[in-house]
Amino acid sequence: MSEPCRVSFRDGRLASRKAEEAVFSRKQRTLTKAALGVVACRRFLASRWLEDMAGPLDLPPDPSEQEFVACLRSGLVLCTVVNKIQPGAVPKVVTIHSLGTSNDIQPLPAYQYFENVRNFLVAVNELKLPSFEASDLEKDTVEKGSATKIVDCILGLKSYYEWKQCNGGSGPWKLVKSPLVAHSVGRTQSNAISPGSSISCRKLDLSATSDKQNVTQNENLISKDVGIALSKLLSNCLLDSKENIDHKLLDLQNASQELRSLLLMTRMEFVTLRTQLQNDLTLLGTYLQGISAAAIGYNQAVRENKHLYNMIQELRGNIRVFCRIRPAFNMEAKSSIDYTGKDGSLIVVDPTNPQSTRKSFHFNKIFGPDASQDEVYKDTQPLIRSVMDGYNVCIFAYGQTGSGKTHTMCGPSSGLSKNVGVNYMALSDLFQISSAREGINTLEIKNCSANGGLNVPDASMRSVQSVDDVLTLMKLGEKNRIFCSTAMNNRSSRSHSVLTVHILGEDMTRCKIRSCLHLVDLAGSERVDKSEVTGDRLKEAQHINKSLSCLGDVITALAQKNSHIPYRNSKLTQLLQNSLGGRAKVLMFAHVSPEADSYGETLSTLKFAQRVSTVELGAAHLNKESSEVLELKEEIESLKKALSRKEVEKPVPSYKMKENRPILEMQNHNVRTPPRSRRLSIESVTVQMVGSKKNPTDTEVHRSLSQIVHTPTLSIRSSMDGNGVLKIASMTKADEVFSKSPTQRPKIGAEHAPVRIRRLSIEGIKCLKPHSDIPKDGILSSVVSCEGVSVLDHLNKETFNEVDCGNVCDTYPGPISPSRSLCPRNVNMSTSSPLQPPKSPLSMRKLDEMVTPHDGGLRKMSQATKTSITNPSTKGSQIRKSLQTIGKFISGSEKGNSRYPTETPASIFGRNNRNNRSDDKSPMTIDARLRRRQSLTPVQTSVINMSRRSSLGGKSPELCK
Ligand SMILES: Nc1ncnc2c1ncn2[C@@H]1O[C@H](COP(=O)(O)OP(=O)(O)OP(=O)(O)O)[C@@H](O)[C@H]1O
């Protein structure tokens with residue numbers, strides 16, 4: 001049992017011994033590290049001091065032991081230093097120069113060093129300084145710590161030197177060994193001692209005796225010295241680093257300060273910029289709002305402007321003038337076109353005369369020489385489209401010969417291949433629209449040359465289904481057109497070409513659309529001296545120029561708003577009458593040649609075009625009517641013709657021959673002038689009564705009316721304003737009549753009633769019933785129109801409701817009373833008041849008679865339609881009834897004829913008014929009766945005498961008064 005105890009004790013001792021040894025070795029390692037650090041430090045001190053004493057040694061700042069030893073191997077440095085401290089200590093120092101020639105400097109052999117080193121060691125020993133072995137310097141491979149003795153020796157020498165410096169060499173000197181030396185020594189010794197003897201070594205150290213106190217003192221001094229040096233070094237290093245750090249800190253601080261101030265500035269700038277930006281944004285927002293408001297306003301203004309412009313255009317009559325300049329034949333020749341603006345302005349100058357002034361013109365559009373056919377058509381297209389909406393449109397090309405009219409209208413040399421003209425494009429457009437819109441019937445086309453009368457007898461109407469059909473017809477038309485070569489144009493058209501397209505259609509509301517498009521390529525005006533034509537061509541040129549000159553006259557008359565427009569002076573103007581004088585949309589292409597020698601013609605073309613652009617045609621008329629009205633109108637037309645035939649066939653009693661002379665004259669004239677296909681009638685009637693009497697008597701009214709009703713009429717418009725002015729007028733030009741100022745109005749009294757006749761016609765019956773309220777302007781109107789359509793256009797339009805009524809008497813409203821309705825049934829016809837209007841039955845009868853030509857046929861008609869009809873749906877039936885009456889009248893005219901001589905309107909008039917004394921002075925004369933009869937016939941001649949202005953613009957000076 002004791003054996004295991006013994007083993008464990010032994011093991012414990014072994015373990016503790018191992019632990020001790022581990023601690024020792026650890027300490028030893030620590031010490032070694034520290035000692036090595038101290039040795040390196042001492043070497044550094046030694047080398048620095050040697051350099052101070054002997055000059056530069058070419059040693060690195062932290063020399064290794066080998067470098068240090070190698071530097072001292074020759075003993076020269078050591079001898080030099082010792083001689084400096086103790087002059088003459090080494091009397092003879094072996095140098096390189098002392099051993100060889102200057103030219104043969106070789107490194108010293110090793111034995112030569114020995115003498116220097118030995119002499120140094122002798123000197124050191126004499127000074128009792130720590131020494132070393134000479135062999136320590138000879139070893140090539142220096143072990144770690146082997147240079148320690150050398151370092152100790154040098155530091156001892158340094159200490160001696162410093163002592164000598166301080167004390168001047170007096171007093172005892174004792175070497176103070178640095179503890180680092182002891183450590184290094186101890187370590188050197190300990191290397192020889194085995195690890196197992198460490199405890200004994202420590203015991204030896206600890207058992208150091210007092211006899212070594214002096215040595216300890218010296219060591220303390222050295223260590224103190226080293227400490228001081230080290231601390232100095234460290235403090236220097238620290239100071240340097242501190243300074244560096246301070247500098248850097250300062251720099252950093254400065255930089256950071258700068259950065260901070262920069263940041264501050266940047267921030268401030270940023271804040272300022274942000275504020276500025278916000279302000280700018282707000283301002284911008286305000287500006288934008290302003291701009292958008294302005295833009296909206298501008299757009300609105302532009303829209304309004306456009307609308308107003310269009311309105312003005314519409315009111316002015318939709319006449320537009322485009323000017324097209326042909327490309328010059330000779331591009332290098334001087335052009336008379338100085339400037340063309342996109343706004344339609346054009347400046348021309350005579351290139352042959354530099355002194356001449358520039359002439360400026362303005363049109364709706366200018367097409368320069370480079371303008372393509374498509375561009376030209378693009379601006380024409382809206383007009384073409386409006387044909388499909390029911391407007392009549394006339395497009396005509398005007399200009400000097402060779403200026404490009406045919407090119408614009410038909411295309412180059414009439415070929416319809418590439419640069420097709422307006423005609424082709426317009427027709428293909430019409431067909432396109434036609435196929436896009438359902439319900440539009442086929443187009444009817446008429447291509448004619450203007451060698452016939454107004455109706456162009458040689459022209460034929462053909463129905464076409466496609467553009468190809470049209471092309472075929474156009475080619476046919478072209479065949480009939482004469483072209484020839486003149487000095488001005490190789491292919492000069494010798495006649496006007498008129499291509500008329502009639503469009504019949506029906507819209508969604510089943511209203512009929514009936515419009516036509518005239519595409520006119522006029523023959524060019526030419527100066528025969530220039531065109532050098534002779535014979536037939538000369539005659540053609542004269543005819544062309546004459547008809548163009550007539551066109552100019554018409555345009556001038558229209559521009560000056562003359563009452564007489566000379567349409568009849570040429571066939572061309574007759575042909576264009578409906579377009580120029582009617583309510584069509586008209587476009588004129590004024591063509592000019594840019595050549596200098598055409599300047600005169602260019603100028604006259606432009607002047608003519610300028611004049612055309614000033615023409616006011618009146619608003620374009622939409623040719624849209626309900627199918628019923630159209631049918632009825634056609635029926636009326638045929639009845640009118642039948643009636644006219646009857647009238648013409650009527651035998652005239654011999655005793656009336658003298659009285660009826662004007663009829664004969666008319667008939668004679670009829671032989672010369674064929675009856676016009678248009679309706680014939682007195683154009684309008686206006687009776688105005690002005691005076692103190694606000695309520696005219698029956699007689700006065702009848703007398704006035706009797707003057708105007710010398711022709712059967714169903715178109716009367718009457719009104720009475722607050723001044724007691726009674727106005728009766730047809731709808732045509734009624735606005736003109738009403739717009740005349742009171743001073744301009746012809747005044748009539750009881751005896752004398754001036755009459756203005758404008759236009760009345762028998763085409764249908766329509767009556768507009770006024771509102772029961774009296775309009776604010778005090779003018780009350782009621783209307784009976786014969787046009788078969790609502791003709792109450794803009795005058796007092798809002799004051800009327802549409803009702804059917806064929807009773808003209810209803811048109812007279814009676815005295816003005818705010819509470820009184822103008823409805824005919826309410827008219828008080830009492831004759832008690834001297835100026836009171838006639839009672840309705842009497843007045844109606846009288847008027848029936850007045851409008852009845854001979855036998856009261858129309859009276860019957862009037863009676864048939866007299867029944868008050870307030871339901872608009874019965875309008876058609878009323879018109880039908882009227883027509884039946886007319887029919888009866890026609891069929892019974894023979895009977896009426898027999899009564900004619902005895903029952904003249906005058907007698908009827910007189911009979912109807914025989915209770916009134918003033919009736920004796922009835923102005924209805926035979927002449928008036930004749931005139932009335934004549935007006936029922938389609939013959940125009942005699943009407944000229946009594947109509948102030950024919951429907952074609954004729955004016956009778958007699959009736960103008
Ligand atoms: N815009 C144009 N571009 C190219 N060539 C053109 C243009 N206008 C006219 N021309 C050419 O000028 C010549 C004369 O043109 P066009 O026959 O159309 O004149 P016109 O006015 O109809 O003459 P006329 O009155 O004698 O018939 C033709 O050769 C035609 O091709």
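Since the structure is predicted, the reported quantities are computational estimates derived from the model, not experimental observations. Order of listing sets the numbers, starting from 1, for every ligand and every atom in it.
The shortest N or O to N or O distance between S403 and ligand 1 is under 3.5 Å. Below 3.5 Å of separation, one finds no N or O of R326 facing any N or O of ligand 1. Looking at G402 next to ligand 1, an N or O pair under 3.5 Å apart turns up.
Of the N and O atoms on the side chains of H496 and S547, at least one donor lies less than 3.5 Å from an acceptor on the other residue. For the residue pair H518 / T500, a side-chain donor-acceptor distance below 3.5 Å is found, with atom types taken as modelled.
With ring centers used as reference points, Y398 lies under 6.0 Å from F608.
F363 is linked by a ring-ring contact (aromatic ring centres under 6.0 Å, His included) to nothing, counting only residues two or more places apart in sequence or in another chain. Under the rule for a side chain to side chain contact (heavy atoms under 4.5 Å, CB included), the partners of D429 that lie at least two apart in sequence or sit in another chain are Y377, Q381, I384, R385, Q432.
For the ligand labelled ligand 1, residue P327 lies inside the 4.0 Å heavy-atom shell. For Q373, the closest heavy-atom approach to ligand 1 does not fall below 4.0 Å. Contact analysis leaves F367 out of contact with ligand 1, as no non-hydrogen atom separation drops below 4.0 angstrom. At least one heavy atom of Q400 sits closer than 4.0 Å to an atom of ligand 1.
Heavy-atom contacts from other residues, nucleotides or ligands closer than 6.0 Å to CZ of R514 number 12 or fewer.
Salt bridge present: E595 and R326 bring a charged side-chain N and a carboxylate O closer than 4.0 Å.
Residue R324 has at least one heavy-atom neighbour below 4.0 Å for each of these atoms of ligand 1: 1 (N). Under a 4.0 Å criterion applied to the non-hydrogen atoms of K405, ligand 1 contributes the atoms 18 (O), 19 (O), 20 (P), 21 (O), 22 (O), 23 (O), 24 (P), 25 (O).
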